[in-house]
Engineer: 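Mind looking over this structure? Questions follow.
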Protein chains: 4
Amino acid sequence: MEKTAEKRLKQPKPAKGSDDEAKKASENREKILSTALTLFTERGFFGTPTSLISKEAGVATGTLFFYFATKEELIDTLYRRIKSEAAQAMCRNFNTEKTALAKLRRIGYNAIEWGIENPAKQKFMEQFAHSSFVSTTAHEEGMSHFLFLQDLVRDGIREGSIRDIDPGLLFCMMASSFSGLIARAYAEKDPSLRERLVNEGLDFIFNGMKA
Amino acid sequence: MEKTAEKRLKQPKPAKGSDDEAKKASENREKILSTALTLFTERGFFGTPTSLISKEAGVATGTLFFYFATKEELIDTLYRRIKSEAAQAMCRNFNTEKTALAKLRRIGYNAIEWGIENPAKQKFMEQFAHSSFVSTTAHEEGMSHFLFLQDLVRDGIREGSIRDIDPGLLFCMMASSFSGLIARAYAEKDPSLRERLVNEGLDFIFNGMKA
Amino acid sequence: MEKTAEKRLKQPKPAKGSDDEAKKASENREKILSTALTLFTERGFFGTPTSLISKEAGVATGTLFFYFATKEELIDTLYRRIKSEAAQAMCRNFNTEKTALAKLRRIGYNAIEWGIENPAKQKFMEQFAHSSFVSTTAHEEGMSHFLFLQDLVRDGIREGSIRDIDPGLLFCMMASSFSGLIARAYAEKDPSLRERLVNEGLDFIFNGMKA
Amino acid sequence: MEKTAEKRLKQPKPAKGSDDEAKKASENREKILSTALTLFTERGFFGTPTSLISKEAGVATGTLFFYFATKEELIDTLYRRIKSEAAQAMCRNFNTEKTALAKLRRIGYNAIEWGIENPAKQKFMEQFAHSSFVSTTAHEEGMSHFLFLQDLVRDGIREGSIRDIDPGLLFCMMASSFSGLIARAYAEKDPSLRERLVNEGLDFIFNGMKA
DNA sequence: TATGAATGAGGCTTCATTCAT
DNA sequence: GATGAATGAAGCCTCATTCAT
């Protein structure tokens with residue numbers, strides 16, 4: 001009985017009874033998470049007092065700690081979630097493409113699109129990519145979603161569609177180029193110009209990659 | 001007053017007394033700056049108490065505040081210095097090159113070399129590139145050293161040596177690619193392999209840029 | 001309201017519904033009290049959050065406050081109960097003895113036996129004997145069970161069986177000696193050695209008391 | 001140089017320069033210690049916020065933590081000091097006595113006198129004798145001052161001046177009797193009556209101990 | 001110039017208690 | 001009766017900064 005009571009504590013409630021209950025139960029939790037996302041990206045981890053998060057989220061200070069035992073646990077949860085969401089968005093039907101190069105380009109396109117549409121999450125990911133506030137396990141979990149990309153690069157090299165250079169380097173530069181591209185494209189508010197920038201950027205990157 | 005303190009930096013003190021005094025006086029200031037560089041990159045701005053900086057630098061807490069009115073002024077000074085040093089290193093005889101593309105490649109090579117040889121400074125620059133701890137004026141001053149690069153890109157396009165795409169985009173992606181390249185190359189400790197990585201990376205970038 | 005809750009304790013609920021209900025209703029109350037006893041002795045009053053008590057007792061946080069309006073009321077109830085139980089145990093057929101000295105010795109023996117057999121309660125009594133967490137009225141109520149001892153000491157002096165010294169002093173020293181004796185005897189796990197210790201201790205005390 | 005600076009930090013200052021400096025430097029430290037002593041005995045450890053200690057001591061909150069890294073370190077320091085002071089007071093020329101019994105009685109007398117004259121310290125010692133707020137090492141250090149008493153008891157038994165019972169028990173009961181005696185004697189404000197109580201109490205205890 | 005004791009606002013977290021279900 | 005999410009005051013501790021020496 002104790003165990004049961006304990007487990008219930010921190011789970012998003014398994015929808016016992018009506019959906020309304022479950023939804024309402026985690027409403028505060030979600031408010032806290034989304035507020036934290038905004039504030040962390042705007043002001044950094046140490047620059048954002050938990051008191052500010054709870055105030056902006058419209059809950060009491062204690063409520064934040066009811067859902068997240070520590071500030072670290074809050075940012076960790078956020079990190080895992082966003083990494084996972086990004087990975088999922090990135091993979092949207094990339095497997096319909098034939099070559100590894102085409103697959104990568106599709107993935108890149110997806111990533112950029114998602115980054116532009118979710119600027120706060122994008123900034124969050126960049127900001128905390130190597131941060132020590134995020135636990136090692138969360139970093140590893142986040143990383144795991146992206147490991148297949150390295151394989152894809154290797155496949156491309158084997159296929160001959162991708163230039164034969166150090167796959168780690170390629171991956172590293174591709175990733176950082178995407179960051180730069182997203183930053184620049186996001187600054188451009190006109191949709192068609194932005195679309196053009198994205199394509200130019202992808203050309204730039206994949207020109208460099210072609211065998 | 002801030003300005004005064006700062007100016008002292010590069011003027012080895014007019015005369016007044018002996019040179020020894022001046023040298024000795026600046027010694028503590030330099031110890032503080034170099035300690036702060038290490039600690040800020042390792043632990044971030046808020047993660048580094050001024051008391052830790054002064055302890056590690058081997059001076060009293062009051063001494064730090066004698067040289068730098070606030071913690072912000074300390075990081076600002078560091079930022080200006082490092083940006084300026086990086087810019088200078090980057091430009092090492094780039095003008096001997098003929099085309100804009102070649103100049104850029106030379107600059108890129110210099111930048112990467114400096115980044116690998118000064119990892120703390122490199123990390124510091126990346127970490128605080130968009131940070132709000134650094135004053136706007138310091139950011140602008142830092143930026144100013146690099147504006148000529150945009151012009152160089154434009155020149156290259158005009159010349160026909162560089163692909164005709166949005167110069168801002170090109171600049172952005174080039175810069176971020178360099179970051180990725182430095183990160184990867186720094187991880188490689190063998191000098192000749194590292195050299196090869198750097199060249200492969202530059203090829204990657206400049207293949208994408210070529211007209 | 002406090003009083004009402006308290007009275008419920010010893011009155012197994014008049015009628016109203018079945019006995020089962022009453023029994024079940026009190027079950028949680030008892031679980032809370034016994035859990036609190038253990039935790040308070042192990043960790044002190046402030047060291048024991050009510051949330052821990054309710055968790056270990058296997059009830060919800062709200063349930064504790066249904067039975068005890070405040071944390072103070074909980075410890076107060078515990079205190080009254082234990083004091084009363086101790087007093088009762090102490091008095092087990094002491095009146096069969098003839099002299100005041102013999103009565104006191106019997107009482108002492110009972111007290112020590114009870115203390116050894118109920119270590120948590122014994123510790124609780126010592127810990128909160130002068131504590132401000134327990135209300136003054138509870139302290140007075142607790143004290144009242146033991147006042148007759150002072151009279152017994154006085155009787156003994158009058159009878160000539162007890163040495164003529166300040167009764168308050170005698171009482172005080174007797175009580176504290178018992179504490180010391182219980183502590184030492186409890187540490188001895190072998191029953192017969194323990195019995196010997198108890199008797200040696202009683203001899204020590206009553207040698208000093210004899211006229 | 002760093003090391004030097006570090007060591008200086010928490011030491012009571014080795015009287016470098018004039019005595020005035022040293023005295024003044026630790027004035028706040030002493031105020032904090034004596035205030036904490038009073039408050040801890042009156043309200044317990046958890047019942048005494050550090051903010052109250054600093055307020056009553058007339059210093060800022062930060063000052064307390066400048067001298068004592070944690071609340072635990074504060075109580076630990078207090079504990080060590082008081083235990084050591086008590087031990088010293090207790091031993092005042094006890095060696096002029098001949099038999100172990102006489103030595104113990106002299107020690108007892110000293111202890112009681114000190115306890116009456118330093119009621120706060122006496123209460124503190126009793127209250128935190130087995131407390132978990134005080135570190136194990138401090139407990140051990142405190143205990144070490146009193147170990148010779150057990151030997152003295154054993155000597156007395158060997159000599160034949162002390163009754164042959166479990167030395168641990170004797171020690172335990174003696175110690176707790178002293179507590180009771182001090183408590184009772186302290187309540188008596190008239191000096192000559194108090195003196196009489198003390199002697200009666202000692203008679204009580206040492207009557208019980210005599211062979 | 002250099003020191004380091006002193007300050008106090010502010011940060012993270014705990015916990016007794018309430019209340020709608 | 002029972003639940004557990006929600007509250008917010010209060011606790012411990014940190015740290016940028018000041019100032020007398």
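Here is the naming used below: chain letters follow the sequence lines, and residue numbers restart at 1 for every chain.
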Engineer: On DNA chain E, compare the nucleotides closest to B/L64 and D/V59; which residue's is nearer the 5' end?
Structural biologist: B/L64
Engineer: Using whole Å, what does the distance between atom C1' of nucleotide F/dA16 and atom NZ of B/K55 come to?
Structural biologist: 16 Å
Engineer: Can you classify the ring geometry of B/F133 versus B/F45 as parallel (below 30°), tilted (30 to 60°) or perpendicular (above 60°)?
Structural biologist: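 B/F133 vs B/F45 ring planes: parallel.
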Engineer: Could you tell me how far apart B/R29 (CZ) and E/dA2 (P) are, to the nearest whole angstrom?
Structural biologist: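 Between P of E/dA2 and CZ of B/R29: 12 Å.
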Engineer: Output the rounded distance in Å from CD1 (D/I75) to P (F/dC13).
Structural biologist: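 Between P of F/dC13 and CD1 of D/I75: 12 Å.
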Engineer: Can you tell me the distance, in whole Å, between the CZ atom of A/F65 and the P atom of E/dT13?
Structural biologist: 4 Å
Engineer: Parallel, tilted or perpendicular: which fits the ring planes of C/Y79 and C/F124, with parallel below 30° and perpendicular above 60°?
Structural biologist: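 Ring orientation, 0 to 90° scale: tilted.
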Engineer: Starting at the 5' end of DNA chain E and moving along, which residue's nearest nucleotide shows up first, A/S51 or D/G58?
Structural biologist: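 Result: D/G58.
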Engineer: Let's test your reading of the model: under 3.5 Å, does the base of F/dA9 pair with the side chain of A/T61 as donor and acceptor?
Structural biologist: yes
Engineer: Nearest whole angstrom, please: distance from the P of E/dA9 to the CZ of B/F46.
Structural biologist: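 Rounding to the nearest Å, CZ of B/F46 and P of E/dA9 are 19 Å apart.
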Engineer: Give a yes/no on whether any side-chain N or O of D/N28 is located under 4.0 angstrom from OP1 or OP2 of E/dA5.
Structural biologist: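 No.
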Engineer: Does a side-chain N or O from C/T50 land closer than 4.0 Å to OP1 or OP2 of E/dC15, or not?
Structural biologist: no
Engineer: Which nucleotide, if any, forms a Watson-Crick or G-U wobble pair with E/dT18, using both distances under 3.5 Å?
Structural biologist: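 WC or wobble partner is F/dA5.
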Engineer: How far, in whole Å, is F/dT21 from E/dT1 if one measures between their C1' atoms?
Structural biologist: 13 Å
Engineer: I need the CZ-P distance between D/F45 and F/dG11, as an integer number of Å.
Structural biologist: 13 Å
Engineer: Under 3.5 Å, is there a donor-acceptor pair between the D/S135 and D/D76 side chains?
Structural biologist: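 Yes, side-chain donor-acceptor contact under 3.5 Å.
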Engineer: Whole Å only: how far is the CD1 atom of C/I32 from the P atom of F/dT3?
Structural biologist: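 It is 9 Å, rounded to the nearest whole Å.
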Engineer: Using 0.5 Å steps for rounding, measure from the CD1 atom of D/I75 to the OG1 atom of D/T70.
Structural biologist: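 Answer rounded to 0.5 Å: 10.5 Å.
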Engineer: Over how many whole Å does the gap from C/K71 atom NZ to E/dC15 atom C1' extend?
Structural biologist: 8 Å
Engineer: What's the closest nucleotide to the A/P49 side chain, out of E/dT1, F/dG11, E/dG11?
Structural biologist: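 The answer is E/dG11, which lies nearest to the side chain.
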Engineer: Nearest to the A/A60 side chain among E/dC12, E/dT17, F/dT7, which nucleotide is it?
Structural biologist: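 Looking only at heavy atoms from C-beta outward on A/A60, the closest nucleotide is F/dT7.
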Engineer: Please pick, from E/dA2, F/dA6, E/dG4, the nucleotide with the shortest atom-to-atom distance to any side-chain atom of B/T63.
Structural biologist: E/dA2
Engineer: Looking only at atom types and distance, does a side-chain atom of B/K55 sit under 3.5 Å from a main-chain N or O of B/T61, one as donor and one as acceptor?
Structural biologist: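 No, B/K55 side chain to B/T61 backbone: no donor-acceptor pair under 3.5 Å.
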